[in-house]
Amino acid sequence: MILTDGKALVVLICFAAVGLIFMACGFYFMSEGFLNSLKESREDEESRRLAEYSGRLCGQVAMGIGALTIFCGIMTKVFPQIFHFLALFYVIALMIGFMVISFTMRKG
């Protein structure tokens, strides 16, 4: 299946919207309010520092996923013939990103 111009435009708009949502989540994860709420729930200084590190790492991963999502949407519009390979790469990158977030929050 090759994407037509109309379908590629719809995919670009969807990818851009989802990418912006991921980036907004990343900014929220790295905000002082969220990091302070993570630190307040901890008792000792080491776990507070680890919680802040976890929150910042999760924010950076979410922002990276958002940027990757927007990039994949643009590439889909520019090169619609590589959509299947790009989709496979994107899903693998999403799985890695979510595993990093999951393992980071489990430790923090």
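One is the number of the first residue; the rest follow in order along the sequence. Treat the numbers as computed from the prediction; the structure is a model and nothing was measured.
- In the hydrophobic cluster analysis, where Ile, Leu, Val, Met, Phe, Trp and Tyr join through side-chain heavy atoms closer than 4.5 angstrom, Phe85 is grouped apart from Val11.
- Nearest heavy atom pair, residue Thr76 against residue Cys72, reads OG1-O, 2.7 Å.
- Residues Phe89 and Val18 share a single hydrophobic cluster, defined by chaining ILVMFWY side chains whose heavy atoms lie under 4.5 Å apart.
- With rounding to the nearest 0.5 Å, the separation of NZ in Lys39 from OG in Ser47 is 11.5 Å.
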Exercise for the section: Just do the side-chain contact (heavy atoms from CB on, under 4.5 Å) check on Met23 and Ile70 with the steps written out, would you? Expected result: CA-CA 10 Å; Met23 292 184 92; Ile70 293 172; 4.0 Å; yes
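- Side-chain contact between Phe22 and Met63 is absent, with no heavy atoms from C-beta onward closer than 4.5 Å.
- With salt bridges taken as basic N to acidic carboxylate O contacts below 4.0 Å, none links Glu52 and Arg49.
- The CZ atom of Phe29 lies 10.5 Å from the CG atom of Leu35; values are rounded to the nearest 0.5 Å.
- Leu68 and Val91 are not part of a single hydrophobic cluster, where members link through side-chain heavy atoms under 4.5 Å apart.
- Rounding to the nearest 0.5 Å gives a distance of 12.5 Å between CZ of Arg42 and CD of Glu45.
- Lys7 contributes atom NZ, which lies 10.5 Å from atom CZ of Phe83 (distance to the nearest 0.5 angstrom).
- Phe15 has its ring centre less than 6.0 Å from the ring centre of Tyr90.
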Per-pair distances, 0.1 Å, donor-acceptor, side chain in residues 92-101, under 3.5 Å, sequence neighbours excluded:
none

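- When side chains are defined from C-beta on, Arg48 does not count as touching Leu38, because their heavy atoms never get closer than 4.5 Å.
- Of all the heavy atoms in Ala62 and Cys25, the pair that sits closest is CB-C, 4.5 Å.
- Linking Ile, Leu, Val, Met, Phe, Trp and Tyr residues whenever their side-chain heavy atoms come within less than 4.5 Å leaves Ile13 and Ile21 in two separate clusters.
- Residues passing the salt bridge (charged side-chain N to carboxylate O under 4.0 Å, His left out) test with Glu32 are Arg56, sequence neighbours excluded.
- No chain of hydrophobic side-chain contacts below 4.5 Å, direct or via other Ile, Leu, Val, Met, Phe, Trp or Tyr residues, connects Leu20 to Val10.
- Contact of the Leu12 side chain with the Ile74 side chain is registered, since non-hydrogen atoms from C-beta on lie closer than 4.5 Å.
- Here the side chains of Phe34 and Ser31 are in contact, with some heavy-atom distance below 4.5 Å.
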